[in-house]
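Structure record follows, encoded as structure tokens.
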Amino acid sequence: MKIDKRDLTTEALSRRQFLILAATGAAITNPKSIYARGPEQSIDAGPLSNYAVDGLYDKFRDFGFFVIRKGEKLTALSSYCTHEKCKLKAERDHSFYCRCHGSTFDPGGKVTEGPATLNLPALPTTNDKGHLIVKVPTT
């Protein structure tokens with residue numbers, strides 16, 4: 001009996017199907033990935049007037065971000081280390097320190113010492129009727 005090779009290929013996964021399946025599996029097994037763009041939670045960080053002076057505001061650290069005012073620019077940076085997602089500590093010099101493994105980041109979120117290799121991500125912000133709204137990835 002002769003087997004038609006085309007019949008075998010219809011039962012096997014194509015390379016594309018395999019890659020999609022593998023990527024889906026990886027995303028499911030790492031749901032806390034802060035870099036994956038998925039569902040986000042909008043957090044009202046209060047009136048913009050709360051951030052009138054240049055500085056680092058850590059009131060929302062436990063919600064996943066720091067607010068940084070530098071001149072006219074208002075930024076929200078992730079408060080999770082890019083190495084293993086530990087919560088960062090804001091230092092007096094406005095840098096960030098990870099107590100878990102010792103990574104440090106400058107006031108702009110750039111890695112200054114590893115083991116982290118990725119900079120802190122800036123989170124999307126909007127102004128809604130004079131309030132700072134920060135979009136934080138859900139975990």
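Each residue takes its place number in the sequence, starting with 1. This one's a predicted model, so the numbers in the text were calculated from it and none came from an experiment.
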What pairs of donor and acceptor atoms, side-chain ones from residues 127-134 against any protein atom, are under 3.5 angstrom apart with sequence neighbours left out?
| unit_1 | atom_1 | unit_2 | atom_2 | d |
| --- | --- | --- | --- | --- |
| Asn127 | OD1 | Gly130 | N | 2.9 |
| His131 | ND1 | Asp44 | OD1 | 2.9 |
| His131 | ND1 | Asp44 | OD2 | 3.0 |

* To do: Indicate the atoms forming the closest heavy-atom contact of Arg99 with Lys89, along with that distance.
  => NH2-CD, 2.8 Å
* Leu74 and Val67, any side-chain heavy atoms less than 4.5 Å apart -> yes
* Asked: With a 4.5 Å limit on heavy-atom distance, are the side chains of Phe105 and Cys81 in contact?
  -> yes
* Are any of the side-chain heavy atoms of Cys98 and Leu88 separated by less than 4.5 Å? -> yes
* Closest approach of Gly64 and Tyr80, non-hydrogen atoms and distance? -> CA-CE1, 3.5 Å
* Between Arg69 (side chain) and Glu72 (backbone), is there a donor-acceptor pair under 3.5 Å? -> yes
* Asked: Is the number of heavy atoms from other residues, nucleotides or ligands under 6.0 Å of Lys87 NZ greater than 12?
  -> yes
* Do Phe96 and Leu77 come close enough that some side-chain heavy atom pair is under 4.5 Å? -> yes
* Asked: Does any N or O in the side chain of Asp54 come within less than 3.5 Å of the main-chain N or O of Gly71, such that one atom is a donor and the other an acceptor?
  -> yes
* Walk me through it: do Val136 and Leu123 pass the test side chain to side chain contact (heavy atoms under 4.5 Å, CB included)? => CA-CA 7 Å; Val136 179; Leu123 303 176; 4.2 Å; yes
Quick one: side chains of residues 110-117, donor-acceptor pairs under 3.5 Å with protein atoms, not counting sequence neighbours, listed by atom name and distance.
| unit_1 | atom_1 | unit_2 | atom_2 | d |
| --- | --- | --- | --- | --- |
| Thr112 | OG1 | Thr104 | O | 3.2 |
| Thr112 | OG1 | Thr104 | OG1 | 2.6 |

* Specify whether Phe65 and Phe60 have parallel, tilted or perpendicular ring planes, treating 30° as the upper limit for parallel and 60° as the lower limit for perpendicular. => parallel
* **Shortest non-hydrogen contact from Ile68 toward Pro107** => CG1-O, 4.5 Å
* Asked: Mind checking whether Thr82 and Pro121 have side chains closer than 4.5 Å, heavy atoms only?
  -> yes
* To do: Would you indicate whether Cys100 and Cys86 have their SG atoms under 2.5 Å apart?
  => yes
* Who are the ring-ring contact (aromatic ring centres under 6.0 Å, His included) partners of Tyr97, not counting sequence neighbours? -> none
